[in-house]
Student: 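So that we are looking at the same thing, I have put the structure below in structure tokens.
Every chain is numbered from 1 and lettered A, B, ... according to where its sequence line falls, protein lines coming before strand lines.
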Protein chains: 2
Amino acid sequence: MIKLDIANAIMQAHPCSRATALQAVDLLTERMKQALLDGDRIEIRGFGVFEPRPRKRGMGRNIKTGDSVAIPKGKSIRFKPGKDLRAIEVG
Amino acid sequence: MIKLDIANAIMQAHPCSRATALQAVDLLTERMKQALLDGDRIEIRGFGVFEPRPRKRGMGRNIKTGDSVAIPKGKSIRFKPGKDLRAIEVG
DNA sequence: GTTGGCAATGTCGAGCTTGATCATGGAAAC
DNA sequence: GTTTCCATGATCAAGCTCGACATTGCCAAC
């Protein structure tokens with residue numbers, strides 16, 4: 001599934017041009033990115049929760065040189081699947 | 001950020017009633033859930049990638065009894081933040 | 001206002017995870 | 001339809017993180 005599929009979903013819910021739907025998708029992702037970058041978490045009941053989380057590790061490796069490189073501190077985003085997504089049973 | 005905020009974002013992109021916006025959000029989450037449950041991964045360039053992943057581990061624990069319990073096989077959803085979200089630097 | 005999904009707690013183990021680099025496939029933009 | 005640009009994959013190593021279970025309280029959702 002790619003952005004176009006999501007745009008199609010929006011078009012189903014609200015008849016409009018594909019361009020408009022794509023704009024909506026872009027705006028959504030933009031808003032979500034903003035929220036996450038802002039440090040806020042996104043909680044959608046029944047779907048999942050996006051949660052920004054600081055990282056601490058610092059050990060990488062260079063394929064070519066095979067040398068270990070220090071990983072600079074940063075943040076990660078964790079997505080916790082909600083109940084509906086946890087409903088995934090024996091695949 | 002909760003579902004209402006996302007609905008507001010949609011309303012900004014496409015003037016409509018809050019109910020319609022909420023419907024769009026629900027439809028989106030529904031579609032995404034469907035795709036993930038279907039085993040398909042969602043790839044949004046610049047935002048991130050949702051990827052269903054089978055679990056293998058099998059060691060849990062019971063708080064009360066303190067007894068180890070076998071974790072039933074299942075699946076997990078991994079969200080890989082895209083470049084824009086990796087842009088999170090020193091928080 | 002009501003409902004009920006989600007968070008936190010705590011343990012313990014093992015698989016998962018990040019990171020750089022280079023080529024390639026494919027998503028996104030034009 | 002074409003081009004551009006991003007994500008993936010693989011490796012190695014150390015660390016970290018989920019995973020379930022059971023209860024309580026909060027807050028999202030209706």
Student: Could you work out, with side chain to side chain donor-acceptor pair (under 3.5 Å) as the rule, every residue matching Asp5(A), not counting sequence neighbours?
Tutor: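 Counting only residues at least two positions away or on another chain, Asp5(A) forms no side chain to side chain donor-acceptor pair (under 3.5 Å).
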Student: Where the side chain of Arg53(A) is concerned, which of dT8(D), dC18(D), dA7(C) is the nearest nucleotide?
Tutor: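 When the side chain of Arg53(A) is considered, dC18(D) is the closest of dT8(D), dC18(D), dA7(C).
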Student: Taking 4.0 Å as the cut-off, does a side-chain nitrogen or oxygen of Lys80(A) come that near to OP1 or OP2 on dA7(C)?
Tutor: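 The answer is yes; a side-chain N or O of Lys80(A) sits under 4.0 Å from OP1 or OP2.
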Student: Are Phe47(A) and Phe79(B), when compared by the centres of their aromatic rings, separated by less than 6.0 Å?
Tutor: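 Not close enough - the centres of the two rings lie 6.0 Å or further apart.
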Student: What is the distance, rounded to the nearest whole Å, between atom CZ of Phe47(B) and atom C1' of dA7(D)?
Tutor: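 In whole Å, dA7(D) C1' and Phe47(B) CZ are 15 Å from each other.
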Student: Whole-Å distance between dA28(C) C1' and Asp5(A) CG?
Tutor: 13 Å
Student: In whole angstrom, what separates Ile42(B)'s CD1 from dA27(C)'s P?
Tutor: 13 Å
Student: Does Pro81(A) or Arg55(B) map to a spot on DNA chain C nearer the 5' end, using the closest nucleotide for each?
Tutor: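 It is Pro81(A) whose nearest nucleotide is closer to the 5' end.
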Student: Rounded off to whole Å, could you give me the CZ-to-P distance for the Arg78(A) and dC16(D) pair?
Tutor: 15 Å
Student: Using heavy-atom distances to pick each residue's nearest nucleotide on DNA chain C, tell me which of Arg61(B) and Gly46(A) is more 5'.
Tutor: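 First, find each residue's nearest nucleotide; the 5'-ward one identifies Gly46(A).
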Student: How long is the line joining CD of Glu51(B) and P of dA27(C), in whole Å?
Tutor: 14 Å
Student: The criterion is side chain to side chain contact (heavy atoms under 4.5 Å, CB included); which residues satisfy it with Arg31(A), sequence neighbours excluded?
Tutor: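 Expected list: Leu27(A), Met1(B), Ala9(B), Gln12(B).
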Student: In chain order, what residues pass the salt bridge (Lys or Arg N to Asp or Glu O under 4.0 Å) check against Asp26(A), with sequence neighbours excluded?
Tutor: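 With neighbours one apart ignored, the set is Lys3(A).
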Student: Check the distance between dC18(D)'s P and Phe79(A)'s CZ and give it to me in whole angstrom.
Tutor: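 Rounding to the nearest Å, CZ of Phe79(A) and P of dC18(D) are 14 Å apart.
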Student: For a quick check, with a 4.0 angstrom heavy-atom cut-off, what is the B/S/- contact string for nucleotides 22-30 of chain D, read 5' to 3'?
Tutor: B-----BSS
Student: Check whether any side-chain N or O of Asn62(B) sits under 3.5 Å from a backbone N or O of Lys64(B) as a donor-acceptor pair, and report yes or no.
Tutor: yes
Student: Relative to the 5' end of DNA chain D, which residue comes earlier, Pro72(B) or Val49(B), by the nucleotide with the nearest heavy atom?
Tutor: Val49(B)
Student: Other than Leu4(A), what residues sit in its cluster of Ile, Leu, Val, Met, Phe, Trp and Tyr side chains whose heavy atoms are under 4.5 Å apart, directly or through others?
Tutor: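 Traced through the cluster, Leu4(A) reaches Ile2(A), Leu22(A).
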Student: Starting at NZ of Lys83(B) and ending at P of dT8(D), how long is that distance when rounded to a whole Å?
Tutor: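 In whole Å, dT8(D) P and Lys83(B) NZ are 14 Å from each other.
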Student: Return the set of residues passing side chain to side chain donor-acceptor pair (under 3.5 Å) with Arg41(B) (not counting sequence neighbours), or none when no residue passes.
Tutor: Glu43(B)
Student: For dT11(C), does OP1 or OP2 lie under 4.0 Å from any side-chain N or O of Ser68(B)?
Tutor: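 For dT11(C), neither OP1 nor OP2 has a side-chain N or O of Ser68(B) closer than 4.0 Å.
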Student: Let me know the distance between NZ of Lys75(B) and C1' of dC16(C), rounded to the nearest Å.
Tutor: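 After rounding, the gap between these two atoms is 18 Å.
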Student: Report which part of the nucleic acid Gly82(A) touches: base, sugar-phosphate, or nothing (heavy-atom distance under 4.0 Å, all strands).
Tutor: sugar-phosphate
